[in-house]
Amino acid sequence: MAGICDIEVVVFDVLGTLVDEASGVRAALRDALPAADDAALDELLTVWQQHVEFEQQRIGQGHRAYVNSEIIDGAAARRVADRAGFADPATIAQLATAGRRLPAWSDSVAGLERLAQQFPVLALSNASRAALLRLAAHAGLRWHQALSAETVLAYKPAPEVYELAIATAGCPAERVLMVAAHSWDLRAAQATGMRTAYLQRPVGDPPTSSDIFDGRFDGLDELVTALTAR
């Protein structure tokens, strides 16, 4: 695709884009509550997701001092435990670390492996440094460097998170490609001058009719082929 033919560095969102965050948290909820039915698990997953989103927004709006994703996940686990009616500390602690054990999408491992042979690949995530380290080991993901929003004490879509990736890439922003399954993520990257590619996933934030990204891809294989066919 001509729109991404002059890229030097590829930056990937992780949660939702390279790993299936929702199913990973749901599996952790199943482990904590093996007798729960699907409807109950879906409800608790929503509780978890809404808490995480709300707290990250509070931080972004300046209503709360920055804390990393593991602190927020720990609070989400306690909120879920309160809703579900369990109080075992070991179970809550295990649930709180669900973000370290998320499964990769079926094309993520091979796609990153192919891409990393020709491009510097960065991960850029709201996940903490510790969570990213363990998540990469668990899911078998290959990148050359993982960048956590924790470094700049902010959460995407704060511009300083994307500026961290641009500075690390060491080249002009227009030669850095941000890949994500979330259009809100790509819009924020676009605002800092980065190029953008939407990667379709079963869950995510699809583009609207007004979004103009440099590429849209049905899977990681398609993206890698477009980047490497030159």
Side-chain angles (χ1 to χ4, degrees), residues 9-32 34 45 48-49 52 55-56 66-78 80 89-156 161-162 164-165 167-169 176-182 185 197 199 201-204 219-221 223-224 227:
V9 177
V10 184
V11 180
F12 280 92
D13 170 61
V14 178
L15 304 178
T17 300
L18 294 177
V19 298
D20 185 353
E21 183 180 20
S23 73
V25 173
R26 197 176 191 280
L29 291 168
R30 168 69 72 191
D31 290 341
L45 176 60
W48 178 290
Q49 292 172 324
V52 170
E55 292 305 314
Q56 289 184 357
Y66 177 84
V67 294
N68 70 25
S69 68
E70 296 199 289
I71 298 295
I72 293 177
D73 284 357
R78 292 189 294 274
V80 164
T91 301
I92 296 172
Q94 179 71 1
L95 179 59
T97 60
R100 299 181 173 196
R101 300 182 302 278
L102 307 175
W105 294 110
S106 61
D107 59 359
S108 292
V109 173
L112 285 179
E113 183 70 27
R114 283 178 61 204
L115 193 63
Q117 293 174 16
Q118 295 195 39
F119 288 87
V121 175
L122 299 176
L124 182 67
S125 180
N126 280 338
S128 72
R129 297 185 192 97
L132 277 175
L133 174 66
R134 288 157 179 81
L135 179 56
H138 174 82
L141 299 174
R142 177 185 178 186
W143 42 60
H144 296 109
Q145 190 170 346
L147 304 176
S148 169
E150 183 179 8
T151 301
V152 294
L153 304 181
Y155 284 102
K156 293 190 288 181
V161 181
Y162 306 94
L164 171 66
T168 303
V176 182
L177 180 69
M178 180 73 200
V179 181
H182 318 289
D185 201 354
L199 186 61
R201 293 304 194 194
V203 295
L220 188 50
D221 290 342
L223 168 64
V224 173
L227 283 168

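Heavy atoms only: backbone and side chains are in, while hydrogens, waters and symmetry mates are out.
Distance alone, capped at 3.5 Å, is enough to place a donor-acceptor pair between the Asn68 side chain and the Ile71 backbone. Looking only at distances, a side-chain donor or acceptor of His144 sits under 3.5 Å from a matching main-chain atom of Val121. In terms of modelled atom types and a separation under 3.5 Å, the side chain of Trp48 and the main chain of Asp73 share no donor-acceptor contact. Within the 3.5 Å criterion, the main-chain N or O of Leu15 finds no donor-acceptor partner in the side chain of Glu21. Looking only at distances, no side-chain donor or acceptor of Tyr66 sits under 3.5 Å from a matching main-chain atom of Val152. The closest donor-acceptor contact from the side chain of Asp20 to the backbone of Pro103 lies at 3.5 Å or more, if one exists at all.
In this structure, the side chains of Arg142 and Leu115 stay at 4.5 Å or more apart for every pair of heavy atoms. Inter-residue side-chain proximity for Thr168 and Gln145 is flagged as met; some heavy-atom pair is nearer than 4.5 Å.
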*After noting the C-alpha distance and the side-chain angles of Val19 and Leu141, does the key distance pass the side chain to side chain contact (heavy atoms under 4.5 Å, CB included) rule?*
CA-CA 9 Å; Val19 298; Leu141 299 174; 3.7 Å; yes

*Could you walk me through whether Leu227 and Leu177 pass side chain to side chain contact (heavy atoms under 4.5 Å, CB included), step by step?*
CA-CA 10 Å; Leu227 283 168; Leu177 180 69; 4.0 Å; yes

*Any chance you could lay out the side chain to side chain contact (heavy atoms under 4.5 Å, CB included) test for Val109 and Glu113, step after step, and finish with the verdict?*
CA-CA 6 Å; Val109 173; Glu113 183 70 27; 5.6 Å; no

*Assess whether side chain to side chain contact (heavy atoms under 4.5 Å, CB included) is satisfied between Phe12 and Leu220, documenting all intermediate values.*
CA-CA 11 Å; Phe12 280 92; Leu220 188 50; 3.6 Å; yes

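Closest of all the heavy-atom pairs between Ala169 and Val176 is CB-CG2, 3.7 Å. Residues Ala130 and Glu70 come closest through the heavy atom pair CB-OE1, 3.5 Å. Contact record, Tyr155 with Ile72: OH-CD1, 3.5 Å, taken as the closest heavy-atom pair. Of all heavy-atom pairs between Met178 and Lys156, the closest is CE-NZ, 4.0 Å. Here the closest non-hydrogen pair linking Arg201 and Gly16 is CG-O, 3.4 Å. Of all heavy-atom pairs spanning Ala98 and Leu102, the tightest one is O-CD2, 3.4 Å.
In this structure, Asn126 CG and Leu132 CG are separated by 9.5 Å, a value rounded to the nearest 0.5 Å. Remark: His138 NE2 to Arg101 CZ distance equals 7.5 Å, nearest 0.5 Å. Annotation: the span from Leu29 atom CG to Leu95 atom CG amounts to 5.5 Å, rounded to 0.5 Å. Between the CG atom of Leu124 and the OG1 atom of Thr17 there is a distance of 10.5 Å, given to the nearest 0.5 Å. The line from CZ of Arg134 to OG of Ser128 is 8.5 Å long, rounded to the nearest 0.5 Å. For the atom pair CG of Leu18 and CG of Asp13, the computed distance is 7.0 Å after rounding to the nearest 0.5 Å.
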